[in-house]
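Here is the structure we will look at.
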Amino acid sequence: MASLPNGAAAGGSSAARPVDKEVDFANYFCTYGYLYHQKEMLCDRVRMDAYHSSVFRNAPHFQGKVVLDVGTGSGILAIWSAQAGARKVYAVEATNMAEHARELARANGVADIVEVIQGTVEDVELPEKVDVIISEWMGYFLLRESMFDSVICARDRWLKPDGVMYPSHARMWLAPIRTGLGDKKIEDLDIAMEDWNLFVEDTQTCYGVNMNALTKAYRAEHEKYYLKSSIWNNLHPNQVIGKPAVIKEIDCLTATVDEIREVRAQVTLPISLDGARLSALAGWFDVHFRGSVRNPAVEEVELNTAPNEHGGTHWGQQVFLLTPHLKVSRGDNVNVSFSMVRSKENHRLMDMEFTYELHELSGRKHPAVTAKMYLE
Ligand SMILES: C[S@@+](CC[C@H](N)C(=O)[O-])C[C@H]1O[C@@H](n2cnc3c(N)ncnc32)[C@H](O)[C@@H]1O
């Protein structure tokens, strides 16, 4: 099925909704128009080193070739592509950052190769097909922001049949972890509810209206915020208390929007630490630059956002709190059914459901618990 911009699929599943472009621009694109935001990404050494290596260690993919940079931002990937020997680079950027990218290309002596085009990649017209599509499209837990839809659209419109994608593959991971983040969140929730109860009392005393009818809704709103929304964190590897599992693999050369609109997985996470507190699951991603079967990379490069003792990335990991937590030990297994769909209100945010079930080494099975979580 042909993919359409922003997650709408021609004749596609019921989850696909038309996207209001103005709202999307206000909610999503606007922050990318600021240099401070681009700089945050440019300061992420793990990200920068991986993309830099992927281009320069695989210069034959770029030499004399035509490249499309989807979402060029400051223009960094387009400039590297030109420095690696590309004949022409089309650098497409939706926001006014395009102007800065143009200036940067000029200042770095590659303005004759890098052509910056301001517009969404879904709408632009290029004069020719391209050999390489390079893009940094990954959001939190890989798919937040749904920007890969735009890369798929660009690929289907502009990539030559033997062209290559940078990155070429992506994976999502889930792991059992221990963390004190949940304790702090429960404390914050209690404080918020104490404050609400005082407010109910005051409103009754001062204004003669009983607000208690809204207590349940207020609590639900705050539980969503404190306990059910995933938490950004750069975890230490020793917080991972079992074997991580891959829950989604994407081949960037062939993936369709329908394949990424929903993620469903059933995995078993074996616990590897004795007497540990399983207080959350954590999600992260990696991507690989390995070219294609017909046109493999000279050297495969990996960009990995897993917990790392030498430092994190701006993506960090997403922590999904399990309340209440579970006592686990080496040899236990946690079976997890996972689903992730796009939020109905905003296709760039994700709604998730986890059903988890502890099977102790002793044979004892705990009842399954289902939790809804939000990646906002
Ligand atoms: C994660 S940033 C990466 C910027 C730059 N390529 C880098 O690696 O530093 C993604 C950029 O893509 C742009 N973008 C996202 N979707 C786009 C689309 N459909 N068309 C054009 N630009 C888009 C955003 O405005 C943003 O500047």
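We count ligands from 1, going down the list as the structure has it; atoms in each ligand are counted the same way.
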Worksheet item: Do R348 and F29 meet the cation-pi criteria used here (NZ or CZ under 6.0 Å from the six-membered ring centre, within 45° of the axis)?
Response: yes

Got a list of side-chain donor-acceptor pairs under 3.5 Å for residues 307-318, not counting sequence neighbours?
from, atom 1, to, atom 2, distance (Å)
N308, OD1, H310, N, 2.7
T313, OG1, W315, N, 3.2
T313, OG1, G316, N, 3.1
H314, ND1, D44, OD2, 2.6
W315, NE1, M138, O, 2.8
Q317, OE1, L235, N, 2.7
Q317, NE2, T305, O, 2.9
Q318, OE1, S230, OG, 2.6

From [atom], work out which of [options] has a heavy atom at the shortest distance.
| atom | options | value |
| --- | --- | --- |
| atom 2 (S) of ligand 1 | W137, Y34, Y32 | Y32 |
| atom 25 (O) of ligand 1 | M97, H314, E93, M41 | E93 |
| atom 18 (C) of ligand 1 | V121, D24, L77 | V121 |

Region of [X] that comes within reach of ligand 1 [heavy atoms, distance under 4.0 Å]:
| X | result |
| --- | --- |
| T72 | backbone |
| M147 | side chain |
| M138 | neither |
| F29 | side chain |
| A94 | both |

Under 3.5 Å: N/O of [X] near N/O of ligand 1:
| X | result |
| --- | --- |
| T120 | no |
| D69 | no |
| S150 | yes |

Discussion item. Under a 4.0 angstrom heavy-atom cut-off, which atoms of ligand 1 come close to T95?
Written reply: 25 (O)

Worksheet item: For ligand 1, which atoms have a heavy atom of I76 less than 4.0 angstrom away?
Response: 7 (C), 8 (O), 9 (O)

